[in-house]
Amino acid sequence: MFLSYQSRVRDAVRAFLKTEYSAEPRIVVEQPPRPEFGDLALTFAFELAKTLRRPPRKIAEEVAAKLPPVPGVAKLEAAGAGYLNVFFHRSAYAADLLSGSSDSTPDAVPAGKIIVEHTNINPNKAAHIGHLRNAALGDTFVRILRGVGSRVEVQNYIDNTGVQVGDVVVGFEHLEHKNAADVEALITDHNVRLDYYCWDLYARVSKYFDEDKARAADLRGAALQKIEHGEGDTARLGEVVARAIVRAHLKTMARIGVEYDLLPRESEILHLKFWEQAFQQLKERGAIYFETEGKNKGCWVMRADSSGAEAAESADDADANKVIVRSNGTVTYVGKDIAYQLWKFGLLGRSFRYTPFQTYPDGRVLWMSATEGESHDFGGAARVYNVIDSRQSYLQNIVVMGLRALGYNEQAANSVHFSYEVVALSPRCCKDLGIELSEDDAKRPYIEVSGRKGLGVKADDLIDTLNERALAEVVSRHADRDPEFQRKIARQIATSALRFFLLKFTRNTVIAFDFAEALSFDGETGPYCQYAAVRAANILRKAGESAAPSSTEALADNELWQLLVLASQTLATANQALQSSEPAVLAKYAFELAQKFNTFYHHHHILSEEDPAKRAFLLWLAGYVRQQLAQALDWLGIEVPEAM
RNA sequence: GGGGGCGUAGCUCAGUGGAUAGAGCAACGGUCUUCUAAACCGUUGGUCGCGAGUUCGAUUCUCGCCGCCCCUACCA
């Protein structure tokens, strides 16, 4: 409802300014900083003051006096140096909400299919806290997009033939003297968690390689060669490991409510010759060239910046360019990524086959790419979001430049690097983990997570700890309930604490992970938001059947009115979160709404309210807030428990 | 060297070309025979890194400086 009131006001003012002053300024609609300033604040007068050469305050006053009546608006007021403050007609607004009429459609919804690629964990070790941030961001963005009506396809790319899988394969073969059959036995052993096992093994191999660079190059190269060509036991070993670890990752992500539609794998990109197809296009259109001299001699190279005279001059500078095909003829990761990106837009002229990989409890089927199998309409998106940390923005730019160099300007413009900063470990966190830091490292604000060094917080360990702590709280409050009930609530609380923690930071903030903060259920947390919704539900349940309120007079009370207006902004906030690609905006909103509800809860004892009209109204308000809060939380991937 | 990001309360973070810069945590002091205190109320706490410029107005935009982080591989 908020969106439609907002656009109604904006349209009315725009039309008025055009006829009255022949002016078409940008109409910015703000939230006033204080409630006495009304429900909307417009700042066009400041901008208009320049062209009209009149004081902004005068302009605002004139518009306030002369603007034709706008339905739903009770009062206009010039204020401050030149604001136009807008006051809604409270009972009309409430009546619109009560009638259940729908709000305006958010303007941030792109047309056509949207692909969101996220998670993308190398299948050679357990998922860690950084991967959880990626998945939480991606999954929340998907939920919001779907919430406003977009068609979204979620892809989780599996680099099953890459260096990292190769390293673990070398680890099994050379450090553990295990073959594919041995590892298969390991997987069926319920005392072993392969993802954890490989976490340690990967760190060991990395160390083993660091000790001898030549050995590293030889062993890694040989393993990679076999894995890429699907040859022998080594390739089978890689396949067995990658598959098992993908299953582990999916299980971990399912614990926090993250699901996917498709797992495209690098092996199919190789075997179905996606790269060869892309290579052809790139060569034909001159997007890459064969370098005959300098340090990149013998490579196929893309000019790092093909626009502008300065760039042309520096194009000879080998450092400014990006190697796509190495001098030994193998393609780099970015090359494969260009091919994959082309496929996502349906521009490759080639596609995968698919096979069902698993079915989620809700019946949704997760597909995996295959060389043979069923056809499907995956890919062919109008817009693509790649959720990848900010360290890869250079490479993401190369991919987009590749599309542009091929003439796909529209698709290049619709390739979005959904960038975010990494999760690092605070020095205190390292201490908690028993990690010894060098003197220099101890002075740093945070320490980078490193799979290579086995340095990090494993996702499942963190989720386990959260579940234990939540369960202890639940048991202390609901000792009489059965264990299954207790565990379910604990799981919902743990998930909420984790997701909210990962989402409340804006994307370009490095999270210095801290156990005390991540494990908190108090203050600005998911459980706090859930608690408010549970409280509201408790009141409604105890009140029993309730009719719609006959009167909305109580809205004369500013506190009640502000709670109602805020609660009505869920969709508008989701829209804002999409426009800025910033899920934190919605998390912040959910917290604010929960906070306002808690204040309301303490000020108004609904069930003992003696005035029946007021009681009915307060009950309705509590119900409305509960519903809106639950909606916001649902988009954040957070469930409202039955009890807390 | 080049490119990008960050610097706001003791700590962790929001925020905006404008109306008295906000929240959580921490600290201190109050609220439970209750619609469950995972909550609420109050107090303490800020030269919005430093300097200049643009502007009627800058914490917000521009430039310079200082500090920290990331990227700049024929790794992914």
Side-chain angles (χ1 to χ4, degrees), chain A residues 30-34 36-37 41 43 46-47 49-50 55-56 79-83 85 120 122 159 162-164 220 266 291 295-301 304-305 314 317 319-320 322-334 336-337 389-395 397 419 421-422 424 426 443-446 448 470 473-474 476-478 493 497 504-506 508-512 514 516-517 520-525 527-532 534-543 584-585 588 591-592 594-595 598-599 601-609 618-619 622 643-644:
Chain A
E30 296 180 347
Q31 305 261 353
R34 287 190 305 176
E36 310 90 273
F37 298 151
T43 57
F46 294 106
E47 205 172 318
K50 290 169 191 156
Y83 293 95
N85 291 335
N120 300 5
N122 268 299
D159 187 3
V163 173
Q164 294 209 20
R220 181 182 275 165
E266 187 179 65
E291 184 63 83
K295 72 169 204 171
N296 291 336
K297 187 178 176 184
C299 299
W300 284 89
V301 176
D305 192 342
S314 65
D317 180 5
D319 287 335
K322 181 67 196 168
V323 169
I324 305 297
V325 180
R326 304 181 185 102
S327 54
N328 67 3
T330 58
V331 60
T332 59
Y333 182 82
V334 204
K336 283 177 269 189
D337 225 17
D389 76 59
S390 65
R391 292 174 303 186
Q392 296 208 45
S393 57
Y394 170 71
L395 295 175
N397 274 333
S419 166
E421 279 291 345
V422 293
S426 68
K443 286 180 199 151
R444 291 162 153 267
Y446 41 76
E448 200 185 355
E473 295 281 342
V474 173
S476 75
R477 281 154 230 243
H478 304 280
I493 292 170
K504 74 176 179 181
F505 299 94
T506 49
N508 64 358
T509 298
V510 175
I511 300 180
D514 183 274
E517 282 176 44
S520 172
F521 299 152
D522 301 331
E524 198 174 1
T525 66
Y528 176 97
C529 300
Q530 289 176 309
Y531 190 59
V534 169
R535 278 178 149 177
N538 284 345
I539 297 170
L540 296 164
R541 193 181 50 246
K542 291 199 178 180
V585 168
K588 214 91 201 167
F591 175 65
E592 248 175 72
Q595 223 175 7
N598 273 330
T599 307
Y601 178 92
H602 280 272
H603 286 177
H604 303 273
H605 200 274
I606 300 176
L607 296 183
S608 61
E609 173 59 49
L618 294 177
L619 260 180
M644 272 182 88

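Lettering follows sequence order; numbering is per chain, from 1. Note that the structure is predicted; figures quoted are calculated from it, not measured.
When each of A:S390 and A:G298 is assigned the nucleotide of RNA chain B with its nearest heavy atom, A:S390 is the one assigned upstream, toward the 5' end. Place A:V331 and A:P445 on RNA chain B by their nearest nucleotides, and A:P445 ends up nearer the 5' end.
A salt bridge between A:K504 and A:E517 is absent, with no side-chain N of the basic residue lying under 4.0 Å from a carboxylate O of the acidic one.
Residue A:Q595 places at least one side-chain N or O closer than 4.0 Å to OP1 or OP2 of B:G24. One finds no side-chain N or O of A:R535 lying less than 4.0 angstrom from the OP1 or OP2 phosphate oxygen of B:A39.
Taking atom C1' in both B:U36 and B:U31, one finds a spacing of 15 Å when rounded to whole Å. Look at the C1' atom in both B:A14 and B:U8: the space between them is 10 Å, to the nearest Å.
With centroids closer than 5.5 Å and planes inclined by less than 30 degrees as the test, A:F37 and the base of B:A19 pass as a stacked pair. In this structure, A:Y83 packs face-to-face on the six-membered ring of B:A19, meeting both the 5.5 Å centre cutoff and the 30° plane limit. Here A:H605 lies parallel enough and close enough to stack on the base of B:C35, with planes under 30° and ring centres under 5.5 Å apart.
Remark: the A:N85 side chain and the B:A19 base include a donor-acceptor N/O pair separated by less than 3.5 Å. Between the side chain of A:T599 and the base of B:C40 there is no donor-acceptor pair of N/O atoms closer than 3.5 Å.
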Practice task
Mind running side chain to side chain donor-acceptor pair (under 3.5 Å) on A:R541 and A:N538 for me, showing each step along the way?
Solution key: CA-CA 5 Å; A:R541 193 181 50 246; A:N538 284 345; 2.8 Å; yes

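Among the nucleotides B:A39, B:A76, B:G24, the one closest to any side-chain atom of A:F591 is B:G24. With B:U72, B:C35, B:A76 as the choices, the nucleotide that has an atom nearest any side-chain atom of A:L607 turns out to be B:C35.
Nucleic acid contact class of A:N538 (heavy atoms, under 4.0 Å, all strands): base. Among the atoms of the strands shown, none is found under 4.0 Å from any heavy atom of A:K336.
In this structure, the side chains of A:D159 and A:Q164 stay at 4.5 Å or more apart for every pair of heavy atoms.
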